[in-house]
Amino acid sequence: MRLEYAGLRTLIAPLQAMSPDRASAVSGWLWRQFAPHTRRHARVREHIAAAFPELAASERDRIALASWENLGRVFGEAVHVDRIAMDPERVELPDDIDHYRRLARKGCVFVSLHLGNWELAAAPALGKDIAIAGTYQAIQNPLVERYVRSLREPIYRGGLFPKGHAAARQTIALAKSGGAVGFLADLRERRGIKLSFFDRPAYANPFPAAIARRADVPIVAGCLVRTKGVHFRLHVREVEQARSNDRDRDIVETTQAIHDLFEHWIRRFPEQWMWSHRKWALRPEDTPKNEQR
């Protein structure tokens, strides 16, 4: 436990000593060199090929390498998130940003995806006067958990809640009271709902849509796309929510609308999405018995 923590701090210490731009560039270069030699690279290539069958193999390989570099840059920027988030020169905002901030001031659910630098997306989207809360998967090692949490807390001034029943109650109460709650909503959720993503079945977390419906607040989606180095452009849009007497169907349709927007952004910026997670892995009961043998 202590050895794992010491290893993490030893790995991160050189990045902390660098400027944000240098840390991002060095970490991105290292990930681009070494990540393709890991077992996850095969999954990355498989996912990109399924999403973009029309592309040549050389173009898909280029996207794969670039996505590893972006992931490395996010890792290098993680130790400088407070400095990056507070620098207005690093983020280009859309002309209609005030509209979305007005929505958020009355309470909102903010959703983003693992594209560009996702850790920073909420701060420029909602503005400095809105303290957003977030949920995350707790790390088993308490020393690593405490340290990683300390890196993220400057962004989530409304609080950070480990995933679980307590977090569900807290985030619902916060949204109902006019607060802003943020989710990275593109990961696979084994207990979630099945939808279509890049014309393939995938599982998704229905919780953001469920909270927005229950609290009667808007869903604001945003992503922070890397333009060059540690500079970004914010893309933001309100997600239209299904409203009927069928709560479960509304949640499914709204979750699908969120993923349709995510797919749109990924298709525009495929080099910046995290292709390595198992988004399209289905449950055993979804696989025909003759294919399970």
Side-chain angles (χ1 to χ4, degrees), residues 15 18 20-81 84-85 89-94 111-125 184-188 196-200 202 204 221-237 258-281:
L15 298 175
M18 300 176 189
D21 300 271
R22 182 64 175 167
S24 174
V26 168
S27 184
W29 184 85
L30 289 171
W31 279 62
R32 187 184 182 99
Q33 304 310 309
F34 294 104
H37 301 288
T38 65
R39 287 184 296 177
R40 288 202 173 191
H41 188 60
R43 183 190 301 166
V44 168
R45 296 184 69 200
E46 175 189 342
H47 288 171
I48 294 174
F52 300 104
E54 73 281 5
L55 296 182
S58 58
E59 178 63 10
R60 296 198 296 265
D61 287 342
R62 184 194 67 79
I63 292 172
L65 289 175
S67 71
W68 282 125
E69 180 177 340
N70 184 74
L71 193 56
R73 281 184 172 274
V74 173
F75 181 83
E77 291 157 5
V79 296
H80 299 288
V81 288
I84 298 172
E89 298 299 318
R90 293 189 180 274
V91 179
E92 178 185 344
L93 300 176
V111 293
S112 190
L113 69 164
H114 290 81
L115 187 147
N117 189 320
W118 51 88
E119 291 288 1
L120 296 168
L184 286 168
D186 59 329
L187 293 180
R188 174 191 182 222
S196 176
F197 194 53
F198 282 87
D199 299 319
R200 299 167 65 196
C223 65
L224 204 59
V225 175
R226 192 180 304 279
T227 53
K228 184 179 180 181
V230 192
H231 289 81
F232 308 90
R233 179 182 299 112
L234 177 68
H235 295 256
V236 62
R237 190 180 300 179
I258 292 171
H259 276 69
D260 288 346
L261 178 56
F262 286 173
E263 180 178 331
H264 167 73
W265 281 333
I266 295 167
R267 287 187 179 278
R268 288 188 64 186
F269 312 105
E271 303 89 348
Q272 299 192 35
W273 192 53
M274 189 174 70
W275 291 95
S276 56
H277 63 93
R278 302 177 72 241
K279 179 64 177 179
W280 290 277

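All residue numbers in this chain count up from 1 along the given sequence. Below, all heavy atoms of this structure are taken into account, side chains as well, without hydrogens, waters or symmetry copies.
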Exercise. Rounded to the nearest 0.5 Å, what separation is found between the CZ atom of Phe262 and the CD1 atom of Ile258?
Worked result: 6.0 Å
Exercise. Would you say Gln272's side chain and Arg226's backbone share a donor-acceptor pair under 3.5 angstrom?
Worked result: yes
For this session: Could you tell me whether Arg188 atom CZ has more than 12 heavy atoms of other residues or ligands within 6.0 Å of it?
Result: yes
For this session: Apply side chain to side chain contact (heavy atoms under 4.5 Å, CB included) to Ala221 and list each qualifying residue two or more places apart in sequence or on a separate chain.
Result: Val111, Val239, Leu261, Trp265
Seminar exercise, completed: Taken to the nearest 0.5 Å, the spacing of Ser24 OG from Glu77 CD works out to 3.5 Å
Exercise. Within the distance-only criterion (no hydrogens, no angle test), does the side chain of Ser112 pair as donor or acceptor with the backbone N or O of Gly222 below 3.5 angstrom?
Worked result: yes
Problem set entry | Side chain to side chain, Glu54 and Phe52, heavy atoms closer than 4.5 Å | yes
Seminar exercise, completed: Sorted by chain and number, sequence neighbours left out, salt bridge (charged side-chain N to carboxylate O under 4.0 Å, His left out) with Arg233 holds for Glu92
Exercise. So, Glu263 side chain and Phe198 main chain: donor-acceptor pair closer than 3.5 Å or not?
Worked result: yes
Exercise. Is a donor on one side and an acceptor on the other found under 3.5 Å between the side chain of Ser276 and the backbone of Val44?
Worked result: no
For this session: Hey, could you give me the CG/CG distance between Leu184 and Leu115, rounded to the nearest 0.5 Å?
Result: 11.0 Å
For this session: Fit a plane to each ring of His259 and Phe197, take the angle between them on a 0 to 90° scale, and name the class: parallel (under 30°), tilted (30 to 60°) or perpendicular (over 60°).
Result: perpendicular
Exercise. Listed by chain and number, what are the ring pair (Phe, Tyr, Trp, His ring centres under 6.0 Å) partners of Phe232, not counting sequence neighbours?
Worked result: none
Problem set entry | Residue that, paired with Arg90, satisfies side chain to side chain donor-acceptor pair (under 3.5 Å) out of Asn117, Asp21, Thr227 | Asp21
Exercise. So, for Val230 and Pro20, which heavy atoms are closest and what is the spacing to 0.1 Å?
Worked result: CG2-O, 3.8 Å
Exercise. Less than 4.5 Å apart, any side-chain heavy atom of Ile48 and any of Pro270?
Worked result: no
For this session: Taking salt bridge (charged side-chain N to carboxylate O under 4.0 Å, His left out) as the test, write out the residues that go with Asp260, two or more places apart.
Result: none
Exercise. Measuring from His264:NE2 to His235:NE2, what's the distance to the nearest 0.5 Å?
Worked result: 8.5 Å
Seminar exercise, completed: Closest non-hydrogen contact found for Pro124 with Leu224 is CG-CD1, 4.1 Å
For this session: For His80 and Met18, indicate whether the former's side chain and the latter's backbone hold a donor-acceptor pair under 3.5 Å.
Result: yes
Seminar exercise, completed: Sequence neighbours excluded, the answer for side chain to side chain contact (heavy atoms under 4.5 Å, CB included) partners of Leu30 is Val26, Phe34
Problem set entry | Sidechain-backbone polar pair: Ser67 side chain, Ala64 backbone, donor-acceptor under 3.5 Å | yes
Exercise. Under the ring pair (Phe, Tyr, Trp, His ring centres under 6.0 Å) test, which residues partner Trp118, sequence neighbours left out?
Worked result: His114
For this session: Using side chain to side chain contact (heavy atoms under 4.5 Å, CB included) as the criterion, list what pairs up with His277, not counting sequence neighbours.
Result: Asp186, Leu187, Trp273, Met274, Lys279
Problem set entry | Side-chain heavy atoms of Trp31 within contact of Val74, under 4.5 Å | no
Problem set entry | Donor-acceptor contact below 3.5 Å, side chain Asn70 vs main chain Gly116 | yes
Exercise. Listed by chain and number, what are the ring pair (Phe, Tyr, Trp, His ring centres under 6.0 Å) partners of His47, not counting sequence neighbours?
Worked result: Trp280
Exercise. Which residues pass the salt bridge (charged side-chain N to carboxylate O under 4.0 Å, His left out) test with Arg62, sequence neighbours left out?
Worked result: Glu59, Glu271
Exercise. How far apart are the closest heavy atoms of Ala121 and Leu234, and which atoms are they?
Worked result: O-CD1, 4.1 Å
Problem set entry | Residues which pass side chain to side chain contact (heavy atoms under 4.5 Å, CB included) with Val81, listed by chain and number, not counting sequence neighbours | Leu120, Ile155
Seminar exercise, completed: Arg60 meets the salt bridge (charged side-chain N to carboxylate O under 4.0 Å, His left out) criterion, sequence neighbours left out, with none
For this session: Kindly state each residue pair satisfying salt bridge (charged side-chain N to carboxylate O under 4.0 Å, His left out) with at least one member in residues 26-43, sequence neighbours excluded.
Result: Arg32-Glu69
